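One structure is given below, encoded as structure tokens.
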Amino acid sequence: MASPLVIVGMSGGVDSSVAAWLLLQQGYQVQGLFMSNWDEDEDGYCTAAADYQDARKVCGQLGIVLHQVSFAGEYRQRVFEYFLEEYRAGRTPNPDVLCNREIKFGVCFDYARRLGADWIATGHYARVEHAAQPRLLKGLDPGKDQSYFLHAVPATALARTLFPIGALHKHQVRRMAMELALPVFEKKDSTGICFIGERPFAEFLAQYLPAQPGDIESPDGRKLGRHAGLMHYTLGQRQGLRIGGRADAGEAPWYVADKDLARNVLRVVQGHDHPALFRRQAPLSQFAWIAGAPPAASFRCTVKLRYRQADQPCELRLAADGSGMVYFDAPQRAVTPGQYAVFYDRDQCLGGGVIEASHSSG
RNA sequence: UGGGGCGUCGCCAAGUGGUAAGGCAGCGGGUUUUGAUCCCGCCAUUCGGAGGUUCGAAUCCUUCCGCCCCAG
């Protein structure tokens, strides 16, 4: 009887290439699937074509077929529209969390299943423990763990997902790629928004949203400068403020502390660790739990407020209406609305919620 | 035009005879599957202009220009 079929999401990078090879070693039937979910013709940053060629070369070398599919329409509707909507609301969205939930482990997962896949696999640095209820675990390379981005993936998808490189460190993966002489073995790690890639961010946003310049103020109301539109700034941000050398202030750089949408004012404070940049708690909503439900209505755990942040001890209290409040043991810097708070019990990712506000009321 | 003060990189600012600190901003790179943060590098042959003194001046002198303050 035939071995199970795994369809691997191939990005043309090192990680998914090695993931495919590992699955072959493990005796699976393997096929590749390349997604190009962004129409790049509209701008000058065109890397998808090159990535596709890389994926083809790798699949050729591994002797596996490569499917190609575009979910550009779905991406636009289910990820990018939300992305723009959040920016319009003065928040800072995290499109890649949604991309995983809606595209890679959503429509693409369904697509792979229709192609006959028993499993879907990706080159993420994370692990799934398959039991009655799947458990999502951190990748073993602490510098690359990507469970943060996967916390909202539905359990139904995780139940049929493999992360072949989740127990490896990046340097091991790259070494394997080198020893296998995969054509992409020294390809640089990709960054930037998934499927959209690296590009000047402000310029990119400005293509989709009108900028409304306004004043930059200190907490006491002094006008310190002008901003290019609130969407171009996020909490805790330093770059781009163009404030420097004031005789009435010290030498420390300035950081975004708050956005006043009503007045279209950006509020800034001086010093990386200014108290106004810290919060002891944060209101959350739109929870997603890997197990389908939270462990309890109130419990202690750790939380990451952004990718690659060290785990922060906290207590989460959930309300009946679906909202919640996370209380940090140590005040957290730049708690940013629109970003995700992702909860962990040691190595296990429990799920997460969206940060709703930066004020500490409640 | 009576008195006083000041003009050094986009901004703040050291330097007062020995051959231009530093910070902020900006730019470039690194880290990074969000946005940020963070790290590294670059950033005044020149000190408001013109003369002069001196081996040598941003630093002294003269003068011009421009600001500011107090008096009017």
Side-chain angles (χ1 to χ4, degrees), chain A residues 9 11-16 35 37-38 47-48 51 79-80 82-84 86-87 89-101 103-104 122-126 139 141-152 163 165 170 187-205 209 216 224-227 230-257 259 268 270-274 277-278 304-310 332-342 352 354-355 358:
Chain A
S11 66
V14 179
D15 298 331
S16 56
M35 286 178 274
N37 300 334
W38 186 253
T47 58
D51 288 336
V79 178
F80 202 65
Y82 151 87
F83 171 84
L84 295 180
E86 286 287 278
Y87 269 112
R91 292 153 60 104
T92 306
N94 187 329
D96 288 356
V97 167
L98 272 194
C99 176
N100 282 326
R101 188 183 81 192
I103 306 300
K104 289 178 182 167
T122 67
H124 281 103
Y125 286 89
D141 182 339
K144 292 296 288 187
D145 166 44
Q146 290 170 320
S147 59
Y148 178 87
F149 289 112
L150 297 166
H151 80 272
F163 294 128
I165 64 167
K170 180 72 190 199
K187 192 169 170 180
K188 191 181 184 304
D189 289 11
S190 65
T191 60
I193 299 172
C194 192
F195 294 123
I196 297 180
E198 286 190 83
R199 58 189 71 210
F201 194 76
E203 185 184 297
F204 176 70
L205 253 192
L209 297 174
I216 299 179
L224 300 177
R226 296 280 293 173
H227 72 250
L230 292 181
M231 66 178 181
H232 289 302
Y233 308 84
T234 190
L235 302 194
Q237 178 172 332
R238 167 180 177 173
Q239 294 295 313
L241 296 177
R242 312 183 78 97
I243 302 171
R246 292 186 60 89
D248 60 353
E251 294 191 325
W254 297 79
Y255 295 86
V256 174
K259 294 184 183 184
V268 298
Q270 201 172 17
H272 181 271
D273 295 323
H274 186 107
L277 293 170
F278 287 81
K304 291 183 195 291
L305 299 173
R306 49 177 52 73
Y307 177 54
R308 284 168 59 82
Q309 180 187 23
Q332 296 296 305
R333 184 176 183 280
V335 177
T336 308
Q339 293 284 296
Y340 292 88
V342 177
V354 180
I355 298 168
S358 64

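Source: prediction; values computed, not measured. Chain identifiers are assigned alphabetically (A, B, ...) following the order of the sequence lines, protein sequences preceding nucleic acid strands; residue numbering begins at 1 within each chain.
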Residues that A:Y255 engages under ring pair (Phe, Tyr, Trp, His ring centres under 6.0 Å), provided they are two or more places apart:
A:H272
Span that lies between the C1' atom of B:rG23 and that of B:rU32, in whole angstrom:
28 Å
Nearest-Å distance once atom C1' is located in both B:rC42 and B:rC9
13 Å
Can you tell me how far P in B:rA50 sits from the matching atom in B:rA57, rounded to whole Å?
15 Å
Name all residues meeting the ring pair (Phe, Tyr, Trp, His ring centres under 6.0 Å) criterion together with A:Y148; count only those two or more places apart in sequence or in a different chain, and write none if there are none.
none
Side-chain donor/acceptor contact of A:R242 with base of B:rG10 under 3.5 Å:
no
Base-pair string, RNA chain B, Watson-Crick plus G-U, cut-off 3.5 Å on both distances, | for inter-strand, is .(((((((.[[[..)..(...]]].(((((.......))))).....[[[[[..)....]]]]]))))))..
Think A:Y255 has a side-chain N or O under 4.0 angstrom from the OP1 or OP2 of B:rC38?
yes
For A:R226, which residues count as a side chain to side chain donor-acceptor pair (under 3.5 Å) partner, sequence neighbours excluded?
A:D215
Partner residues of A:D15 under the side chain to side chain donor-acceptor pair (under 3.5 Å) criterion, sequence neighbours left out
A:Y125, A:K170
Give A:K170 one of three labels, base, sugar-phosphate or nothing, depending on what nucleic acid heavy atoms sit under 4.0 Å from its own.
nothing
For A:G245 and A:G192, find the nucleotide of RNA chain B closest to each by heavy atoms; which residue's nucleotide sits nearer the 5' end?
A:G245
For A:D51, all residues meeting side chain to side chain donor-acceptor pair (under 3.5 Å), sequence neighbours excluded
A:K187
